[in-house]
Amino acid sequence: MRENRLLPGGGALPGMETFPAVRQVRYQTVCSVVQNEPETYYTYGLECLGDCAGTWVQMDVIEDVSPSRESVLSLASRFNNLALSPIHFRDAVLDSVNA
């Protein structure tokens, strides 16, 4: 898993390089293939993208949240509708998985 690299307003986490200001944040699903011989299956995760000067940059990603595509799509939709701050991304995913 990667750590958050950008914060809204262009700030960076301590020890990280500074990026241009993040104007907008969006969340979308990512799909991973897991191969456990003889089985192959898909898992779904979430990525947090930030609009930095017109370019969408991956700020954070959490893979393998759930094998259910629908539940992860629903989670991404809720995060987008609520305009979830990237600062709370990991906690919100953990809370939803543990609910």
Side-chain angles (χ1 to χ4, degrees):
M1 288 190 224
R2 294 184 197 155
E3 294 296 321
N4 286 334
R5 292 178 283 163
L6 303 175
L7 298 178
L13 292 174
M16 300 293 180
E17 70 183 274
T18 303
F19 292 90
V22 175
R23 293 186 278 172
Q24 187 179 2
V25 175
R26 74 177 180 206
Y27 299 90
Q28 64 185 33
T29 58
V30 293
C31 180
S32 301
V33 177
V34 178
Q35 294 180 339
N36 276 342
E37 293 299 329
E39 290 184 28
T40 299
Y41 61 95
Y42 298 94
T43 64
Y44 299 90
L46 286 166
E47 70 179 344
C48 174
L49 301 169
D51 180 4
C52 296
T55 302
W56 289 98
V57 176
Q58 186 183 66
M59 296 168 38
D60 199 359
V61 63
I62 302 174
E63 297 177 342
D64 198 11
V65 172
S66 172
S68 169
R69 179 177 181 259
E70 291 76 25
S71 68
V72 178
L73 282 170
S74 174
L75 193 58
S77 178
R78 275 188 278 158
F79 289 178
N80 286 322
N81 289 337
L82 296 170
L84 180 73
S85 169
I87 296 169
H88 302 294
F89 173 57
R90 288 185 171 265
D91 287 333
V93 171
L94 283 173
D95 288 348
S96 70
V97 169
N98 291 325

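Residues Phe89 and Met59 are not in side-chain contact: their nearest non-hydrogen atoms beyond the backbone lie 4.5 Å or more apart. Side-chain contact between Val93 and Phe79: present, with at least one pair of heavy atoms (C-beta onward) separated by less than 4.5 Å. Inter-residue side-chain proximity for Tyr27 and Arg78 is flagged as unmet; no heavy-atom pair is nearer than 4.5 Å. Residues Val25 and Cys48 are in side-chain contact: their nearest non-hydrogen atoms beyond the backbone lie under 4.5 Å apart.
By the 6.0 Å contact criterion, CZ on Arg69 is open, its count of non-hydrogen atoms from other residues, nucleotides or ligands being 12 or less.
The distance from the OH atom of Tyr44 to the OG1 atom of Thr29 is 8.0 Å, given to the nearest 0.5 Å. Here the OG1 atom belonging to Thr55 is positioned 8.5 Å from the CZ atom belonging to Arg23, to the nearest 0.5 angstrom. The distance from the CG atom of Asn80 to the CZ atom of Arg26 is 8.5 Å, given to the nearest 0.5 Å.
Residues Ala76 and Leu46 come closest through the heavy atom pair CB-CD2, 3.5 Å. The two residues Gly45 and Val72 have their closest heavy-atom pair at O-CG1, 3.3 Å. Among all heavy-atom pairs drawn from Tyr42 and Val33, the shortest one is CE2-CG2, 3.3 Å. The minimum heavy-atom distance linking Trp56 with Gln24 is given by the pair CZ3-O, 3.7 Å. Nearest heavy atom pair, residue Ser68 against residue Ser66, reads N-OG, 2.9 Å. Smallest separation of non-hydrogen atoms from Val30 and Ile62: CG2-O, 4.4 Å.
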